Amino acid sequence: MLASALHFIFGIVFGFFGAILLLRAWLYYWALSPRHPLCQLCKQMSDWLVGPLSKTFKSKGGVDWACLVAALLTAVIAVVVNRTIGYGFTTPVALIIAPFAMVARWALEMISWGTIIWCVMTWTNREHMMTYTLAMLLDPFMRPIRRVVPTFKGFDFAPLILVVVANLLLMIAIPLSRGFFYF
């Protein structure tokens with residue numbers, strides 16, 4: 001009972017911080033203004049870890065390597081904490097694959113939740129700055145879907161399909177992030 005509660009709490013804390021780190025890297029890739037509220041939030045929450053790492057891992061070609069390394073380090077700590085709490089790994093290989101699966105899990109969860117939030121914002125306040133920002137961040141994922149599935153009587157199915165695909169991939173990433181293998 002206590003182990004399950006701790007696993008839940010640590011999962012939320014590490015998942016939120018990992019998503020912030022990945023979002024910061026994604027915002028850097030899109031070269032959003034440092035004055036944008038989302039950039040400021042990510043910077044304030046993660047600069048204590050990304051700042052020292054940025055001295056070693058320099059940004060190149062639009063990729064903020066310090067944020068990605070920080071996300072991977074956070075995932076390693078999350079995996080070790082999960083292992084300590086009692087969610088064991090079947091093989092040593094699982095201990096190696098789990099942090100990468102954890103980062104993929106955070107990215108997929110962020111895409112899924114971001115798409116849902118964007119949909120609600122387009123229904124409630126289409127002209128809001130965050131609606132535009134989320135549309136810009138999610139467009140690379142929705143554009144290929146929009147090429148295949150056209151709109152039907154003004155209804156865009158791309159967000160719905162993106163949420164379904166992200167959650168299907170989560171069904172693979174979550175067990176891998178806990179160290180369970182299908183093969």
Side-chain angles (χ1 to χ4, degrees), residues 8 11-34 36-43 45-46 50 59 61-65 67-72 74-75 78-79 82 97-183:
F8 177 74
I12 289 174
V13 170
F14 284 116
F16 181 75
F17 188 65
I20 289 291
L21 291 167
L22 292 176
L23 180 61
R24 181 175 172 169
W26 192 237
L27 293 171
Y28 181 84
Y29 176 78
W30 282 103
L32 243 64
S33 168
H36 191 282
L38 201 52
C39 292
Q40 289 179 349
L41 174 72
C42 291
K43 184 172 174 48
M45 293 187 74
S46 62
V50 175
S59 302
V63 178
D64 190 355
W65 289 106
C67 285
L68 296 177
V69 169
L72 189 60
T74 304
V79 166
N82 284 341
I97 293 175
F100 294 100
M102 185 76 71
V103 172
R105 173 185 175 177
W106 294 336
L108 290 168
E109 288 173 346
M110 190 170 50
I111 290 169
S112 182
W113 280 106
T115 305
I116 293 168
I117 292 168
W118 175 75
C119 286
V120 170
M121 288 184 77
T122 58
W123 296 332
T124 58
N125 192 357
R126 189 176 286 273
E127 279 79 36
H128 194 275
M129 173 182 59
M130 291 306 289
T131 306
Y132 170 76
T133 303
L134 284 172
M136 182 189 67
L137 293 174
L138 293 169
D139 187 57
F141 304 107
M142 284 196 268
R143 193 178 322 122
I145 298 169
R146 286 184 177 132
R147 280 190 217 127
V148 176
V149 180
T151 59
F152 180 73
K153 293 188 179 188
F155 189 78
D156 185 12
F157 288 101
L160 177 65
I161 294 171
L162 181 60
V163 169
V164 169
V165 168
N167 282 296
L168 286 173
L169 292 172
L170 273 170
M171 292 170 72
I172 297 168
I174 289 174
L176 287 175
S177 70
R178 292 182 179 160
F180 303 123
F181 285 103
Y182 297 109
F183 43 89

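Because the structure is predicted, anything quoted here is derived from the model rather than measured.
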From Leu72 CG over to Cys67 SG, what is the distance, rounded to the nearest 0.5 angstrom? 13.0 Å
Point-to-point distance, once rounded to the nearest 0.5 Å, from SG of Cys119 to CG of Asp156: 8.0 Å
For the CG atom of Leu176 and the CG atom of Leu170, what is their distance to the nearest 0.5 Å? 11.5 Å
Going by salt bridge (charged side-chain N to carboxylate O under 4.0 Å, His left out), name the pairs with one or both residues in residues 110-124, residues two or more places apart or in two chains. none
Sorted by chain and residue number, the side-chain contact (heavy atoms from CB on, under 4.5 Å) partners of Met110 (sequence neighbours excluded) come out as Ala19, Leu22, Leu23
Heavy-atom distance under 4.5 Å between the side chains of Met142 and Pro159, does that happen here? yes
Pairwise side-chain hydrogen bond (donor to acceptor under 3.5 Å, both in side chains) hits with a residue in residues 110-122, at least two apart: Ser112-Asn167
Name all pairs fulfilling the ring-ring contact (aromatic ring centres under 6.0 Å, His included) condition that reach into residues 145-176, sequence neighbours left out, sorted by first residue then second. Phe155-Phe157
Name all pairs fulfilling the salt bridge (charged side-chain N to carboxylate O under 4.0 Å, His left out) condition that reach into residues 97-118, sequence neighbours left out, sorted by first residue then second. Arg105-Glu109
Is the backbone N or O of Phe17 less than 3.5 Å from a side-chain atom of Ser46, with the two atoms forming a donor-acceptor pair by type? no
Test of understanding: with ring-ring contact (aromatic ring centres under 6.0 Å, His included), list the residues that count as partners of Tyr28, not counting sequence neighbours. none
Phe14 meets the ring-ring contact (aromatic ring centres under 6.0 Å, His included) criterion, sequence neighbours left out, with none
Does any part of the side chain of Asp64, heavy atoms only, come nearer than 4.5 Å to the side chain of Trp26, both counted from C-beta? no
Between Thr124 and Val120 (side chain of the first, backbone of the second, donor and acceptor by atom type, cut-off under 3.5 Å), is there such a pair? yes
Salt bridge (charged side-chain N to carboxylate O under 4.0 Å, His left out) pairs touching residues 18-32, sequence neighbours excluded, are Arg24-Asp47
Please enumerate all residues that pass side-chain contact (heavy atoms from CB on, under 4.5 Å) together with Leu32, with sequence neighbours excluded. Leu27, Trp30, His36, Cys39, Thr133, Met136
Restricting to side chain to side chain donor-acceptor pair (under 3.5 Å), what partner residues turn up for Arg143, sequence neighbours left out? Asp139
Which residues share a side-chain contact (heavy atoms from CB on, under 4.5 Å) with Ala70, sequence neighbours left out: Leu21, Leu49, Val50, Leu53
Please enumerate all residues that pass ring-ring contact (aromatic ring centres under 6.0 Å, His included) together with Phe16, with sequence neighbours excluded. none
